[in-house]
Amino acid sequence: MATIKVERPKLSAGEKIYFGAIFKGMLITLRHAYRSLLGKSTGASDLNSSGIGITMQYPEQKWDHQLPEYYRGTPALVTDEQDRERCVSCQLCEFICPPKAIKITPGEIPSDNEWAKVEKRPKEFNIDMIRCIYCGMCEEVCPEQAIYLRPDYVVTGNSRKDMVHDKNRLYEIGGKRVGLVNKWNDLK
Amino acid sequence: MDTVFLIAAALKIGVFIGITMSFVSVCVIFERRFSAIIQDRVGPNRTMVPLSILGFKKDLALPIGGLTQPVADGLKFILKEDFTPSYVRKFFFWIAPALVVVPALLTMAVIPFGSPLELDGHYIPMAVADLNVGPLFIFAIASLSVYGITLAGWASNSKYPFFGGVRSCAQMISYEIALGLSIIPVLMMFGTLNLGHIVEYQTHHGWLLLPLWGEGLELQRWILLIPMAIAFVIFTTSIFAETNRMPFDLPECETELVGGYHTEYSSMKFALFFMGEYAAMVVGSALIVTLFFGGWSLGFGIDQMLPMGEWWVSLLHIAVFLAKVTFFILFFILVRWTVPRFRYDQLMNLGWIVFFEAALINVFLAALVIARPSIGTGGFLGGLALLFVVTILLIKIAKSAADKPSHSTI
Ligand code: SF4
Ligand code: SF4
């Protein structure tokens, strides 16, 4: 292999004194400071800056429209067009869930109910959002297309208990899913 | 010792230490916000007054968010676990942080914060101790802080802190000389070592680097500006090295030494190092302002029109002084976020070969300029020529010394 000898560049007298370069550097940093105060930093508008620098300030500003369609946020339960709970509490999702975030107590549908034919629905359905890793396994495994990962990602709470989504919360997030949903094609 | 003196001294100690400490926290918030906008970021802007832990509904947000950040930082440091590793030399490990902070605060004692206050016919100087050897006192005490750093490095009994300590030691020695030599021209011109008198002189005759009124309008002062500007550059740079600020912060060089001398420290002991560094920076800026930019004086002959000794004049002067100090602190911060860190051998070269010689020559240059009226133009030009030859020779010698391949084992 040929050896390439890299010479150090010869510095001119001005460069050796060094102060010119420092001064120039200070002008550059000052210009950055000035422009970020005015919100005119390079790329500020593209990055939806908050007015200082190029930073977007999170809870006030969000970039939800930039979320990809396949974004996997919080898992949630859905109902069908007749407001029937899709979940039949087969507990497949509970078994597949890698971090064991899901806890289901199955319940029977009373025989006088219009959906008595379905036989089962969850009495309780808790997903511990501290444990959930947003893997999407539950969505994949569900035979009834009852659980989906929604684009919501703001899951906060002041205690561990706050972080457990119960059935009501899950339906609230999930809402209604109409028609047969083909999980395996792009339409979702 | 009369009571007025004692009470005034006690008050001044309290107030000035208070000012210095609050400046330290101001430095922290400035550093964080200024560096943020330099890097196109926002910086800490959301710290609130946590009223909710007192039972109120909402936290109180200040108009400029983040002003309470230093308080939050301090609380965090106090509440953190203070961990002492088992392998350290306990006594020195504990005493080192104090050895960094105490000198920095002590040096504040001789800085004149404002114009003297008249009380009962006494003039009370607005410095805790109106010493006649001000700058010497500062250098003597400030260099003690290197003990803290070196001891911290050694007592930590671990390799990176040790490197940090040794580096700090060597760096301090090499810059102390340039620091001391660089202000000799300044002292020669003032003819006094009392910082209060130095400021007073500048009030009447124009700031050292801005001689725009009084005697400063004469040609002599403008020629003097050349050695003074050189002194200023050397002095400021050496202060950077002395306070371990950015281009010279090799003792705590994070990229090479983890955290440098304070790697093993945590909680409040670490915070003390931090405070020591910032307090040294405040004192450094105060010293630069006092020596070169007229200390507390408003300048442009305005001071002569004010009734000296009135309390509001003193307060005004303190405000002016603090404004100037703030400006220099901002300058320190700007330099930190602009200039990359030096390599260690470059640092040594700069200290021993460039600054030491430059300061030395500068002393003679200043002496020549000051003596110009008495030795006449002929003598002045002759002296200049002689100095020029000596300078060229010195540069030659320094160059050959620097070019020689070093056979040292380090
Ligand atoms: S969500 Fe789906 S997989 Fe989980 S219990 Fe209900 S039906 Fe079964
Ligand atoms: S997304 Fe994964 S981790 Fe979360 S509940 Fe579903 S299976 Fe469990």
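Chain identifiers are assigned alphabetically (A, B, ...) following the order of the sequence lines, protein sequences preceding nucleic acid strands; residue numbering begins at 1 within each chain.
- Counting heavy atoms of neighbouring residues, nucleotides and ligands inside a 6.0 Å radius, atom OH of B:Tyr344 exceeds 12 of them.
- Remark: A:Glu108 CD is loosely packed, at most 12 non-hydrogen atoms of other residues, nucleotides or ligands lying under 6.0 Å away.
- Without hydrogens or angle criteria, A:Ser36 side chain to B:Ile37 main chain gives a donor-acceptor distance under 3.5 Å.
- Within the model, atoms CZ of B:Arg41 and CD1 of A:Ile54 stand 10.5 Å from one another, a figure rounded to the nearest 0.5 Å.
- Around the NZ atom of A:Lys176, the shell of radius 6.0 Å holds more than 12 heavy atoms that belong to other residues, nucleotides or ligands.
- Minimum interatomic distance between A:Leu30 and B:Phe34 (heavy atoms only, all atoms of both residues): CD2-CZ, 4.3 Å.
- For A:Asp64, the CG atom sits in a packed shell: over 12 heavy atoms of surrounding residues, nucleotides or ligands are nearer than 6.0 Å.
- From B:Asn45, atom CG reaches atom OG1 of A:Thr55 across 9.0 Å, with rounding to the nearest 0.5 Å.
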Check the pair B:Thr338 / A:His32 against side-chain contact (heavy atoms from CB on, under 4.5 Å), numbers first and verdict last. CA-CA 11 Å; B:Thr338 303; A:His32 269 272; over 6 Å; no

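- In this structure, the portion of A:Phe19 lying under 4.5 Å from any heavy atom of chain B is its side chain and not its backbone.
- Other residues, nucleotides and ligands contribute only 12 or fewer heavy atoms inside 6.0 Å of the CE atom of A:Met137.
- The contact between B:Val233 and chain A is made entirely by side chain atoms (from C-beta outward), counting heavy-atom distances below 4.5 Å.
- Around atom NZ of A:Lys123, no more than 12 heavy atoms belonging to other residues, nucleotides or ligands sit under 6.0 Å away.
- Taken to the nearest 0.5 Å, the CG atom of A:Leu37 stands 9.0 Å off from the CZ atom of B:Arg33.
- Around OH of A:Tyr153, the count of heavy atoms belonging to other residues, nucleotides or ligands within 6.0 Å exceeds 12.
- Only the side chain of B:Val339 has a heavy atom closer than 4.5 Å to any heavy atom of chain A.
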